[in-house]
Participant: 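Sharing a structure, written as C-alpha cells. Questions coming.
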Protein chains: 2
Amino acid sequence: MKRDSRLSGVLHVLLHMAERRDPMTSEALAQAMQTHPVVIRRILGGLRDAGFVRSEKGHGGGWTIQRALGDITMRDIYDAIGRPALMAMGHRTDAPGCLVEQAVNAALDTSFRDAEALLLARFAQVTLAELAADFHARMAARPATSVKDHIHG
Amino acid sequence: MKRDSRLSGVLHVLLHMAERRDPMTSEALAQAMQTHPVVIRRILGGLRDAGFVRSEKGHGGGWTIQRALGDITMRDIYDAIGRPALMAMGHRTDAPGCLVEQAVNAALDTSFRDAEALLLARFAQVTLAELAADFHARMAARPATSVKDHIHG
DNA sequence: TTTCATGTAACTTTAAATAATACGTGAAAT
DNA sequence: ATTTCACGTATTATTTAAAGTTACATGAAA
C-alpha cells in the first residue's frame, strides 16, 4: 500500500494560502510542497467545487481561500477531497460465501467502523483557524523573526 | 495504495485450521483462501515464531494451532504478523522544517494515534474462540447440514 | 530412496497514489 | 489584437507496497 497524503497535503497548502492576502499560484504552492503544479490543481479542484477556495486565471490569478478559517474543519476538507480510505486494511472478498470469512469480516468491520467514526469526529472538531494558531504558536517559540523564515519558498 | 489483507487472511486461515483435528497443508489452506501456498507459509511463519501455530514437514505434515482459541486475541495475531500499518494516511516529509507542516502533522498524528489505540484495544478484546463461536452461530442459522457445506475446499 | 511438505530467497505482477507531459481555456497586460 | 500568465484536464509514466510466482533447499515419513 502506498500511503495517501492528500489530506495532509491539502491542509498544508491551505495554511500557506491563509498566510497571504494575494492569490497564490499553483506553481508557488507546488514549490512550497515540493511537488508538481498539476497535483496542486487536482487536490484544490475538489475544494473549489465545494466552495472552500476560488481559482482565477490570467495575470495576478491563483488560489484564494473563500471562507473564514474558523468555519472550515479538517472533516470538511476530508469530505471535499472525496473521503479517501482511512484504514489501511481491507478483506480479500466483499461477498464471501464462506461463513468463516463472514465471521472474520464482521469482527474486523465493527472495529474499523468505530475507529473511523472516532477519527471523523476528531476531524470535525479541528478548524483551520486552530491549525493556523498552532503554527503561529510554534513560530513564536522560535528565535527567527518573520513568517517568511518559517515557511518554505 | 493496495489494501493490506494479511490480518483478515491469517484470521481466516486460523479459523479453518481450528475446524480440523489433523494438520492442514499450505496447499489446502491456499486453496481455501484462493491464494498461493507460499503466501500461506509467509503469513503463518510469523505465527509459528510467536508460538501460536506449529508446522511439520513430510507425510502427514502441515499446520496446527498450538494454543487454545480462547487464549489468542486478534491483537496477538496483529502483533505476530509484524504490526502492519493500520491507517491508510501518512504525511509528506518533504518539508520537515516547515512549521506549517509541523502543525498539520501534529493535528493529524493526534487523531490517528487515538484511532489506532482504539482499534488495538478492540482487537485485544476479541479472541479466536469468539470468532469461531460466531462462525458456528452463522452456520446454525442456515439450512445446510454440515460444517463442510459452509467452508470452502 | 522416493515422495511429501515446509523454508526461503528472488523475481514478477498488481493496485493505488503521485508525478509528468501536453494541450486547452480564459483573463490581464502590452 | 496579441502575447503572456495561470488554471483545467486528459493521458501517460513512475513509484511503492502487497500479493503472486518460481525455484530450490531441508527434513520427515512411507
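Because the structure is a prediction, the values reported are computed rather than measured. Throughout, a chain's letter reflects where its sequence line sits, starting with A, and its residues are numbered from 1. Quick note: numbers below take in every heavy atom, side chains included, and nothing from hydrogens, waters or symmetry partners.
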Participant: Whole angstroms only, please: what is the CG-P distance between A:Asp4 and C:dA19?
Facilitator: 11 Å
Participant: What is the separation between atom CZ on A:Arg6 and atom P on C:dA19, rounded to the nearest whole Å?
Facilitator: 12 Å
Participant: Grab the CD1-C1' distance between B:Ile43 and D:dA18 for me, whole Å please.
Facilitator: 12 Å
Participant: Name all residues meeting the side chain to side chain donor-acceptor pair (under 3.5 Å) criterion together with B:Asn105; count only those two or more places apart in sequence or in a different chain, and write none if there are none.
Facilitator: none
Participant: Show me, pair by pair, the donor-acceptor contacts under 3.5 angstrom made by side chains of residues 108-115 of chain B, not counting sequence neighbours?
Facilitator:
unit_1: B:Asp109; atom_1: OD1; unit_2: B:His91; atom_2: NE2; d: 2.7
unit_1: B:Asp109; atom_1: OD2; unit_2: B:His91; atom_2: NE2; d: 3.4
unit_1: B:Thr110; atom_1: OG1; unit_2: B:Ala106; atom_2: O; d: 2.9
unit_1: B:Ser111; atom_1: OG; unit_2: B:Ala107; atom_2: O; d: 3.3
unit_1: B:Asp114; atom_1: OD2; unit_2: A:Arg122; atom_2: NH1; d: 2.2
unit_1: B:Asp114; atom_1: OD2; unit_2: A:Arg122; atom_2: NH2; d: 3.2

Participant: Give a yes/no on whether any side-chain N or O of B:Ser26 is located under 4.0 angstrom from OP1 or OP2 of C:dT6.
Facilitator: yes
Participant: Expressed as a whole number of angstroms, how long is the span from B:Arg3:CZ to D:dA19:C1'?
Facilitator: 15 Å
Participant: Output yes when at least one side-chain N/O atom of B:Ser5 is less than 4.0 Å from OP1 or OP2 of D:dA19, else no.
Facilitator: yes
Participant: Is a donor from one side chain sitting under 3.5 angstrom from an acceptor on the other, for A:Glu101 and B:His16?
Facilitator: no
Participant: What nucleotide, of D:dA18, C:dA5, D:dT21, holds the atom closest to the side chain of B:Thr25?
Facilitator: C:dA5
Participant: Under the 4.5 Å side-chain heavy-atom rule for ILVMFWY, direct or indirect, which residues accompany B:Leu118?
Facilitator: A:Leu118
Participant: Output a table of donor-acceptor pairs, distance under 3.5 Å, between side-chain atoms of residues 73-83 of chain A and any protein atom two or more places apart or on a different chain; print 'none' if there are none.
Facilitator:
unit_1: A:Thr73; atom_1: OG1; unit_2: A:Arg75; atom_2: N; d: 3.3
unit_1: A:Thr73; atom_1: OG1; unit_2: A:Asp76; atom_2: N; d: 3.1
unit_1: A:Thr73; atom_1: OG1; unit_2: A:Asp76; atom_2: OD2; d: 3.2
unit_1: A:Arg75; atom_1: NE; unit_2: A:Asp79; atom_2: OD1; d: 3.1
unit_1: A:Arg75; atom_1: NE; unit_2: A:Asp79; atom_2: OD2; d: 3.3
unit_1: A:Asp76; atom_1: OD2; unit_2: A:Thr73; atom_2: N; d: 2.9
unit_1: A:Tyr78; atom_1: OH; unit_2: A:Pro84; atom_2: O; d: 2.7
unit_1: A:Asp79; atom_1: OD1; unit_2: A:Arg83; atom_2: NE; d: 2.9

Participant: In whole angstroms, how far is the P atom of D:dT14 from the NZ atom of B:Lys2?
Facilitator: 20 Å
Participant: Taking side-chain contact (heavy atoms from CB on, under 4.5 Å) as the test, write out the residues that go with A:His36, two or more places apart.
Facilitator: A:Val38, A:Val39
Participant: How long is the line joining CD1 of A:Ile81 and P of C:dA17, in whole Å?
Facilitator: 10 Å
Participant: Using whole Å, what does the distance between atom P of nucleotide C:dA19 and atom CD1 of A:Ile40 come to?
Facilitator: 9 Å
Participant: What does the B/S/- profile of nucleotides 21-30 of chain C look like, 5' to 3', with a 4.0 Å heavy-atom cutoff to protein?
Facilitator: B---BBBBS-
Participant: In whole angstrom, give the distance that lies between atom CD of A:Gln31 and atom P of C:dA20.
Facilitator: 13 Å
Participant: Assess whether a salt bridge exists between B:Asp4 and B:Arg6, defined as any Lys/Arg side-chain N lying under 4.0 Å from an Asp/Glu carboxylate O.
Facilitator: yes
Participant: Mind checking side-chain contact (heavy atoms from CB on, under 4.5 Å) for B:Ser26 and listing every partner two or more places apart, or none if nothing turns up?
Facilitator: B:Pro37, B:Ile40, B:Arg41, B:Trp63
Participant: Can you pull out the residues from residues 44-55 of chain A that lie within a 4.0 Å heavy-atom distance of DNA chain C?
Facilitator: none
Participant: Check salt bridge (Lys or Arg N to Asp or Glu O under 4.0 Å) between B:Glu56 and all other residues, then give those that pass, not counting sequence neighbours.
Facilitator: B:Arg54
